[in-house]
Amino acid sequence: MEYKIFDSELKILEILWEGGETSAKEVAALAGEQVGWSKTTTYTVLKKCVEKGLVERREPGFLCSARISRQEAQQRETRGLIDRMYGGAADRLVASLLDGRALSGEEVARLRKMVEELK
């Protein structure tokens, strides 16, 4: 089952994507520096990430590592957005993104290439 990734969970994942396997203590220190979280807040969010299967925790030392890549998280969130806001129609999302925006010839060529690769 896939869950929505909340902003707080994404912050934990970003710390782990940047640093690789990291102790919970170090994650708490980094979260404190970067977003002002207390150790308790960080541990609570880490626990939620573990419960959702986003983060793996290993002993000794409560070592944490991301169980999904940045790309997997982006894809998951994008699929959710397409389902919620565009009725599952990816072309409607693309149309919304491009609404009123002129594309360069290079951008059009890249889009055409992507579409061809998806066929």
Side-chain angles (χ1 to χ4, degrees):
M1 176 179 213
E2 290 195 0
Y3 298 95
K4 175 171 178 30
I5 301 172
F6 292 101
D7 290 345
S8 57
E9 296 160 345
L10 189 56
K11 186 68 217 158
I12 295 293
L13 288 169
E14 287 172 352
I15 289 170
L16 296 173
W17 290 329
E18 290 296 317
E21 187 173 70
T22 307
S23 72
K25 183 178 180 180
E26 182 62 20
V27 171
L30 290 167
E33 290 171 15
Q34 295 174 15
V35 289
W37 289 353
S38 69
K39 185 192 286 188
T40 304
T41 298
T42 302
Y43 286 174
T44 299
V45 176
L46 264 172
K47 182 179 179 215
K48 293 285 186 191
C49 289
V50 170
E51 289 170 357
K52 287 183 173 183
L54 301 171
V55 170
E56 179 179 11
R57 180 184 89 135
R58 291 188 314 104
E59 296 295 341
F62 198 171
L63 294 175
C64 301
S65 58
R67 292 191 65 204
I68 65 170
S69 69
R70 185 184 307 269
Q71 182 178 6
E72 288 170 314
Q74 290 168 338
Q75 289 171 346
R76 179 186 287 194
E77 290 300 296
T78 301
R79 280 192 306 270
L81 174 66
I82 291 169
D83 289 344
R84 281 189 320 277
M85 299 300 294
Y86 299 96
D91 60 325
R92 291 175 52 199
L93 169 65
V94 173
S96 177
L97 291 171
L98 299 176
D99 188 31
R101 183 173 178 269
L103 297 177
S104 69
E106 184 178 310
E107 289 171 316
V108 170
R110 282 196 310 262
L111 282 172
R112 280 191 178 124
K113 182 180 179 193
M114 283 188 262
V115 168
E116 284 301 315
E117 290 172 357
L118 291 172
K119 287 183 180 179

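Only this structure's heavy atoms are used, side chains among them; waters, hydrogens and symmetry mates stay out.
- In this structure, S96 contributes its side chain and R92 its backbone to no donor-acceptor pair below 3.5 Å.
- Atom CZ of R57 is separated from atom SG of C49 by 13.0 Å, given to the nearest 0.5 angstrom.
- By the criterion of side-chain heavy atoms lying less than 4.5 angstrom apart, applied directly or through intervening Ile, Leu, Val, Met, Phe, Trp or Tyr residues, V94 is grouped together with M114 in one hydrophobic cluster.
- Every pair tested for salt bridge (Lys or Arg N to Asp or Glu O under 4.0 Å) that includes a residue from residues 25-38 fails, sequence neighbours excluded, so the list is empty.
- By the side-chain hydrogen bond (donor to acceptor under 3.5 Å, both in side chains) test, T78 is found to be paired with no residue, residues two or more places apart in sequence or in another chain being considered.
- Between L81 atom CG and K4 atom NZ the span is 9.5 Å, to the nearest 0.5 Å.
- In this structure, K47 forms no cation-pi arrangement with Y43, as its terminal cationic atom is not both closer than 6.0 Å to the ring centre and no more than 45° off the ring axis.
- Distance CG/L46 to NZ/K39: 12.0 Å, rounded to 0.5 Å.
- L97 and L111 are not part of a single hydrophobic cluster, where members link through side-chain heavy atoms under 4.5 Å apart.
- Interatomic distance, CZ of F6 versus NZ of K52, reported as 4.5 Å (0.5 Å rounding).
- Linking ILVMFWY side-chain heavy atoms closer than 4.5 Å, directly or via other members, places V55 and L63 in two distinct hydrophobic clusters.
- When every heavy atom of L10 is checked against every heavy atom of I5, the shortest pair comes out as N-CG2, 3.9 Å.
- Counted within 6.0 Å of NZ on K11, heavy atoms from surrounding residues, nucleotides or ligands total more than 12; the atom is thus considered enclosed.
- The shortest side-chain heavy-atom distance between L16 and C64 falls under the 4.5 Å cut-off.
- Hydrophobic cluster membership is shared by L13 and V35, with clusters built from Ile, Leu, Val, Met, Phe, Trp and Tyr side chains linked at under 4.5 angstrom.
- Environment of CD in E117: crowded, with over 12 heavy atoms of neighbouring residues, nucleotides or ligands closer than 6.0 Å.
- The nearest pair of heavy atoms linking W17 to A73 is CH2-CB, 3.7 Å.
- In terms of modelled atom types and a separation under 3.5 Å, the side chain of E18 and the main chain of I15 share no donor-acceptor contact.
- In this structure the side chain of R70 reaches within 4.5 angstrom of the side chain of E14, judged on heavy atoms.
- The shortest heavy-atom contact between W37 and I12 is CZ3-CD1, 3.7 Å.
- Under the 4.5 Å side-chain criterion, counting only non-hydrogen atoms from C-beta, S8 is in contact with V45.
- Considering every non-hydrogen atom in both A31 and T42, the closest pair reads CB-OG1, 3.5 Å.
- The shortest distance between side-chain heavy atoms of F62 and S23 does not fall below 4.5 Å.
- Between V108 and the choices R112, E106, R110, the side-chain contact (heavy atoms from CB on, under 4.5 Å) rule is met once, by R112.
- Rounded to the nearest 0.5 Å, atoms CD (E21) and CD (E56) are 8.0 Å apart.
- Residue L54 forms a side-chain contact (heavy atoms from CB on, under 4.5 Å) with just one option from R76, K48, R67, and that option is R76.
- With no hydrogens or angles considered, a side-chain donor-acceptor pair links S38 and T41 at under 3.5 Å.
- Here Q74 contributes atom CD and R79 contributes atom CZ; the two are 11.5 Å apart, rounded to the nearest 0.5 Å.
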